[in-house]
J.: 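Could you have a look at this structure, given as structure tokens, before my questions?
As the structure is a prediction and not an experimental result, all values here were calculated from the model.
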Amino acid sequence: MTTYKAAVMTGPGQPLELRDMPAPNLEPGAALLRTLYSEVCGTDVHLHHGRLDVPFPIIPGHVSVGVVEAARGKLADIEGEPIKEGDVVTFLDVHETCNNCYYCLVARQPTRCTKRRVYGISYSANEGLLGGWAEAIWMKPGVKMVRIPKELSPETFIGGGCGLVTALHAVDMTELKLGESVAVLGVGPVGQSIVGFASLSGAGELIAIGAPDDRLSFARRMGATATLSLDVPAEERLAQVRQLTNGRGVDAVIEASGAPQAVKQALDLVRDGGRVVVCGQYTDNGSIEIHPHWQLNRKHIEVKGCWGSRYDHFHRAAALTARYGDRKPWREMVSARFALGDANAALLAVENRTAIKAVITPNPDLVRS
Ligand SMILES: [Zn+2]
Ligand SMILES: [Zn+2]
């Protein structure tokens, strides 16, 4: 029996274990990928801390790039181009969106579909190779694969990783107009890609706020026109943002920090009538007090929460990194590479913020650079 190694997270706080997993029986429409890269992101740290309700044991790794090793039946991308053995692809980690519930059909907000399952998060390892921290990943029938075009290095795509799709979704939701000012709160992988996409969208003043300093410098390379450190007190940051925007505050704020306090600051930094998009509060980090009169009603602002992503974000993220990967340093966000057996160290690197983006390379022999 063919088996593949996988790093399995058995429960909160437990060290990951390497397990031999049986190769899946590929049904028509299914495929098997040999994993080139799978990313390690903040969500994986939250999973390990037991902060998301998931069916342990799981194989983490939601956004990955792999080579198609086997494909059953006719598989094609959305252009109708066949997906064949040897193709390098990534895939939308969200699967089984039902297209049959209120959110899918009436509200048309499929990221809130209750049936959706996510590779590396809400599939159990008992169901098979359904996470990226493994030598192979089982593409169930219907999983949406996106080809990595020749001009796009897989490292550039995985450098942006799941942050790309979240960032793209959040920037879309701000409905940014050319020349508008933007503040981005948080300079982790999501914040960096938000800065990159907002800059490509023609933002005017583009202010990144966060820590540490090396990430602020990186945000400048992504396109930030100004940066503010969290070492500066919140009132002082507000004063500086106002100074950069003729006293008004920014047209749009995107929160991507994970700190509840940042949401409160977002409401202060936005100008009267501006927009705030919150995409950093992926786990319960507690509550904050806001002032509905001064911060919401009187300011006449719009506040939106942004959860999950859809195929269109994924598709455009691959196209955008292919087109602009030489202008925006996504590739350099990959600051640490780990073998499958070092998944624990990879998690620690992300938790301790020693790496902006850590990736796992389960098949180092297949990775050509
Ligand atoms: Zn649904
Ligand atoms: Zn992620």
J.: How many angstroms lie between atom NE2 of H62 and atom CD of E39, to the nearest 0.5 angstrom?
T.: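 Taking NE2 in H62 and CD in E39, the distance rounds to 5.0 Å.
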
J.: Is there a donor-acceptor contact under 3.5 Å from the side chain of T3 to the main chain of P22?
T.: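 Flag not set: sc T3 to bb P22 has no pair under 3.5 Å.
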
J.: If only side-chain N and O atoms count, and only distance matters, is there a donor-acceptor pair under 3.5 Å linking T283 with Q281?
T.: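 No, no side-chain donor-acceptor pair sits under 3.5 Å.
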
J.: Rounded to the nearest 0.5 Å, what's the gap from OG1 on T156 to CH2 on W330? Could you check?
T.: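 The CH2 atom of W330 is 9.0 Å from OG1 of T156, to the nearest 0.5 Å.
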
J.: Should M222 and L244 be counted in the same cluster of Ile, Leu, Val, Met, Phe, Trp and Tyr side chains packed under 4.5 Å apart?
T.: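 They do not share one cluster, since no chain of ILVMFWY contacts under 4.5 Å joins M222 to L244.
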
J.: Go through the side-chain N and O atoms of E351 and H49 and say whether any donor and acceptor fall under 3.5 Å apart.
T.: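 Yes, side-chain donor-acceptor contact under 3.5 Å.
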
J.: Has Y103 got more than 12 heavy atoms of other residues, nucleotides or ligands less than 6.0 Å from its OH?
T.: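 At most 12 heavy atoms, drawn from other residues, nucleotides or ligands, come within 6.0 Å of this atom.
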
J.: Taking atom CG as the centre, does D53 end up with more than 12 heavy-atom neighbours from other residues, nucleotides or ligands that are less than 6.0 angstrom away?
T.: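 Incorrect, the count does not exceed 12.
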
J.: One pair to check against salt bridge (Lys or Arg N to Asp or Glu O under 4.0 Å): D312 and K144. What are the steps and the verdict?
T.: CA-CA 11 Å; D312 56 313; K144 295 281 178 285; over 6 Å; no

J.: Are the side chain of S153 and the backbone of E155 linked by a donor-acceptor contact shorter than 3.5 Å?
T.: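 Answer holds: yes.
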
J.: With a sphere of 6.0 Å drawn around CG of N25, does it hold more than 12 non-hydrogen atoms of other residues, nucleotides or ligands?
T.: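 Count not over threshold, so no.
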
J.: Enter the distance from R51:CZ to N285:CG here, rounded to the nearest 0.5 Å.
T.: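 Rounded to the nearest 0.5 Å, the CZ-CG separation comes out at 4.5 Å.
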
J.: Test of understanding: clusters of I, L, V, M, F, W, Y form through side-chain heavy atoms closer than 4.5 Å, transitively. Do L348 and V334 belong to the same one?
T.: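 Different clusters.
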
J.: Would you say Q243 has more than 12 foreign heavy atoms packed within less than 6.0 Å of its CD?
T.: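 No.
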
J.: Are any of the side-chain nitrogens in R117 or E127 under 4.0 Å away from the carboxylate oxygens of its partner?
T.: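 Yes, this pair counts.
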
J.: Inspect the surroundings of NZ in K177 and state if more than 12 heavy atoms from other residues, nucleotides or ligands are less than 6.0 Å away.
T.: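 Open: at most 12 neighbouring heavy atoms sit under 6.0 Å from NZ of K177.
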
J.: Following the transitive rule for hydrophobic clusters with a side-chain heavy-atom cut-off under 4.5 Å over Ile, Leu, Val, Met, Phe, Trp and Tyr, establish whether Y123 and M21 coincide in one cluster.
T.: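 The answer is yes; both residues are in one hydrophobic cluster.
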
J.: Applying side chain to side chain contact (heavy atoms under 4.5 Å, CB included) to T97 and C104, what does each step give before you reach the verdict?
T.: CA-CA 8 Å; T97 301; C104 284; 3.6 Å; yes

J.: Would you say D342's side chain and A345's backbone share a donor-acceptor pair under 3.5 angstrom?
T.: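 Absent.
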
J.: For K304 and E175, run salt bridge (Lys or Arg N to Asp or Glu O under 4.0 Å): C-alpha distance rounded to whole Å, both residues' side-chain angles, the deciding distance at 0.1 Å, then the answer.
T.: CA-CA 11 Å; K304 294 179 185 174; E175 299 180 51; 3.0 Å; yes

J.: Going through the checks in order, is the side chain to side chain contact (heavy atoms under 4.5 Å, CB included) test met by E302 and V277?
T.: CA-CA 8 Å; E302 198 179 329; V277 174; over 6 Å; no

J.: Would you find more than 12 non-hydrogen atoms of other residues, nucleotides or ligands less than 6.0 Å from R220 atom CZ?
T.: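 Yes, enclosed.
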
J.: Could you go step by step and tell me if R248 and R242 meet the side chain to side chain contact (heavy atoms under 4.5 Å, CB included) rule?
T.: CA-CA 6 Å; R248 280 190 294 272; R242 292 222 170 118; over 6 Å; no

J.: Whether the side chain of K140 engages the backbone of A31 through a donor-acceptor N/O pair (distance < 3.5 Å, no angle test) should be reported.
T.: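 Not at all, since once roles are kept as given, no pair shorter than 3.5 Å links the two residues.
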
J.: Distance check, rounded to the nearest 0.5 Å: S122 atom OG versus L130 atom CG?
T.: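 If I round to the nearest 0.5 Å, the distance is 10.0 Å.
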
J.: Considering only NZ, NE, NH1 and NH2 on the basic side and carboxylate oxygens on the acidic side, decide whether K5 and D20 come within less than 4.0 Å.
T.: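 Here K5 pairs with D20 in a salt bridge, since their nearest N and O are under 4.0 Å apart.
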
J.: Once rounded to the nearest 0.5 Å, what's the spacing between atom CG of D268 and atom CG of L238?
T.: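 CG of L238 is found 5.5 Å from CG of D268.
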
J.: Could you go step by step and tell me if V250 and E180 meet the side chain to side chain contact (heavy atoms under 4.5 Å, CB included) rule?
T.: CA-CA 8 Å; V250 286; E180 281 191 320; over 6 Å; no

J.: Under a 3.5 Å distance rule, please check whether T174 uses its side chain to pair with a backbone N or O of V171 as donor and acceptor.
T.: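 Here the side-chain-to-backbone pair exists.
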
J.: Within a radius of less than 6.0 Å around NE2 of H293, do more than 12 heavy atoms belonging to other residues, nucleotides or ligands occur?
T.: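 Atom NE2 in H293 is packed in, count exceeds 12.
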
J.: Is R116 salt-bridged to D93, going by a charged N under 4.0 Å from an acidic O?
T.: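 No salt bridge links R116 with D93.
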
J.: Examine F314 together with F91 and report whether their ring centres are nearer than 6.0 Å.
T.: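 Centroid distance F314-F91: not below 6.0 Å, so no.
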
J.: For the residue pair R221 and F218, would you count it as a cation-pi contact if the rule is NZ or CZ under 6.0 angstrom from the ring centre and within 45 degrees of the ring axis?
T.: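 Judged by the rule, R221 and F218 form a cation-pi pair.
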
J.: Is there a donor in the side chain of S199 and an acceptor in the side chain of K328, or the other way round, less than 3.5 Å apart?
T.: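 Short answer, yes.
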
J.: Would you compute the distance between atom CG of L18 and atom CD of E135 and round it to the nearest 0.5 angstrom?
T.: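 Interatomic distance, L18 CG to E135 CD, rounded to 0.5 Å: 8.5 Å.
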
J.: Using only atom types and a distance under 3.5 Å, with no angle test, would you say the side chain of T35 pairs donor to acceptor with the backbone of A134?
T.: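 Such a contact is found between T35 side chain and A134 backbone.
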
J.: Mark yes or no for whether R316, through its side chain, and L168, through its backbone, hold a donor-acceptor pair below 3.5 Å.
T.: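 Flag not set: sc R316 to bb L168 has no pair under 3.5 Å.
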
J.: Verify, without hydrogens or angle tests, whether S229 (side chain) and D231 (backbone) share a donor-acceptor contact under 3.5 angstrom.
T.: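 Yes: the side chain of S229 pairs with the backbone of D231.
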
J.: Does a side chain donor of either E236 or Q240 reach within less than 3.5 Å of an acceptor in the other side chain?
T.: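 There is such a pair (donor and acceptor under 3.5 Å, judged by atom type) between the side chains of E236 and Q240.
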
J.: Give the cluster check for Y282 versus V94: same hydrophobic cluster or not, with ILVMFWY residues linked at side-chain heavy-atom distances below 4.5 Å.
T.: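 No, because Y282 and V94 fall into different hydrophobic clusters, even though each may have its own neighbours under 4.5 Å.
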
J.: Out of curiosity, does L296 fall in the hydrophobic cluster containing M173 (side-chain heavy atoms, cut-off under 4.5 Å, transitive links)?
T.: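 Per the 4.5 Å side-chain linkage, M173 and L296 are not co-clustered.
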
J.: Would you sort out whether D251 and R271 count as a salt bridge (Lys or Arg N to Asp or Glu O under 4.0 Å), showing the intermediate values?
T.: CA-CA 6 Å; D251 296 302; R271 69 162 164 82; 2.5 Å; yes

